[in-house]
Amino acid sequence: MLSPVDDALHAFILALPKTETHLHLEGACPFELLQKLDPVKYAAPPPFWADDFRYRDFEQFMLLYLEYCAAFFTSAERYHEAAKIVLGRCAAQGCRYVETSFHLPALAFLRESGPEVIRAIRAAAPRGLEVRVFAGVSHNDYTGAARELIDDCLAWPELDGIDLHGPEDLPVEPWTDALWARARAAGKFTKAHAGEFMPASFVDLILDRLQVTRIEHGVRSIESAATVARLLRDNITLDVCPISNLKLAVRGVPTLSAHPIRRLFDAGVAVTINSDDPFFFGNTLADEYHALHHHLGFSRSELIRVAANGFRAALLPDHVKRTHLADLARLSAELACAG
Ligand code: ADE
Ligand code: ZN
């Protein structure tokens, strides 16, 4: 328990209409599915669920990613099975809108096509939950069979967008700029991880070169007043994952209380909160809201504002966004009356 138990707050958080816009499907792999596959290996809960667990570095995290999860996603049916549980859990926590990504190059090892896999993920969405599916690629993926997939995916109607993820310190190769521009021209939404392990200057580089309006993490932007001013000026949303940042020992996050989301929020930056890779951090979306309240002093009305940022950033028609935002505004007004 990273935050103390508070039943009344928990009920409030669950009832809050929410979004999850930074969720890696492989990193959310349900433990029960791994246990079914290999009950001996997965007899005990993984050590990284302990509150005091910290990854040594991103490399260790990636190695565990390969060991635990990559092995599970061997068919469209497996993506469907995992997505059914993952998206069901999102809905059960009051989530109304989810953006989930999968690692695109992994599809090179599957019998099924990319569109078949995406349809399998989409078909797992419970009623009432809007789901958008993103293809994740790493900085150095544009080679071999993955290169073909990366070029092809922009023509898949099932795909909503692309995301740059993986080790952040690898060079951003020249194909990336062209691909991100081509993706937008093809009607896909584009986002990118930055400012998790690399400094604010890398957030600037990604904004300059990839022209995205959504940054995954972006928390190290706080190290530069100019970068924060740019986020504000250009209305860039940061999809922040506080518990992930804590467990991955991101610079500036020795504790949840030190997390820069408080300062970014107070500066007026549009921040959302998300669980990133719940299998690897042992977290839920509700835990992220609890953490903001207990460790960073976010009031209930501030939690409502964070939730609203998610709907503003969502790939939803304006009239649908307005409905969700009106629900949140009503909750906020009720709070003001009660308080
Ligand atoms: N892929 C899965 N989780 C990630 C993270 N936290 N940063 C970059 N790439 C990732
Ligand atoms: Zn991520």
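As a basis for the values below, the full set of heavy atoms in this structure was taken, side chains included, without hydrogen atoms, waters or symmetry mates. Note that ligands are numbered from 1 as they come in the structure, with each ligand's atoms numbered from 1 the same way.
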### Message
I want to know if ligand 1 touches S244 in the polar sense, i.e. an N/O pair below 3.5 angstrom.
### Response
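No, S244 has no N/O under 3.5 Å of an N/O on ligand 1.
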For the Zn ion (ligand 2), decide whether [X] has an N, O or S atom at a distance under 2.8 Å.
X    : value
H217 : no
H24  : yes
C241 : no
D276 : yes

Among the heavy atoms of [X], does any lie under 4.0 Å from an atom of ligand 1?
X    : answer
F280 : no
F197 : no
G166 : yes

Parallel, tilted or perpendicular: which fits the ring planes of [X] and [Y], with parallel below 30° and perpendicular above 60°?
X    : Y    : value
Y42  : Y68  : tilted
H139 : F202 : parallel
H193 : H24  : tilted
F58  : F61  : tilted
F48  : F53  : perpendicular

### Task
Report the part of H217 (side chain from C-beta onward, or backbone N, CA, C, O) that has a heavy atom under 4.0 Å from ligand 1; answer both or neither where that applies.
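For H217, only side-chain atoms sit under 4.0 Å from ligand 1.
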### Query
Between E196 and ligand 1, which residue portion shows a heavy-atom distance shorter than 4.0 Å: side chain, backbone, both, or neither?
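The side chain, only.
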### Those atoms of ligand 1 less than 4.0 Å from some heavy atom in Y65
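Listed by number with element, the hits are 2 (C).
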### Task
Note the single closest protein heavy atom to atom 3 (N) of ligand 1, along with its residue, its atom name and the distance in Å.
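Protein heavy atom with the smallest distance to atom 3 (N) of ligand 1: D277 OD2, 2.7 Å.
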### Task
Look at atom 1 (N) of ligand 1 and say which protein heavy atom is nearest, naming residue and atom and giving the distance to 0.1 Å.
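Residue, atom and distance for the closest contact: H24 CE1, 3.5 Å.
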#### Entry: Atom name in H193, limited to N/O/S, at shortest distance from the Zn ion (ligand 2)
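Answer by atom name: NE2.
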### Query
Does the side chain to side chain donor-acceptor pair (under 3.5 Å) test come out yes or no for N283 and E288, once each step is laid out?
CA-CA 8 Å; N283 57 338; E288 303 288 342; 2.7 Å; yes
### Task
Determine, for F134 and K191, whether the Lys NZ or Arg CZ falls below 6.0 Å from the six-membered ring centre while staying within 45 degrees of the axis.
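K191 over F134 ring: yes.
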### Query
So, E81 and K84, do they make that salt bridge, N to O below 4.0 Å?
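Answer for the salt bridge query: no.
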### Query
Can H217 and D239 be counted as having a side-chain donor-acceptor contact under 3.5 angstrom?
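No, D239 and H217 have no side-chain donor paired with an acceptor closer than 3.5 Å.
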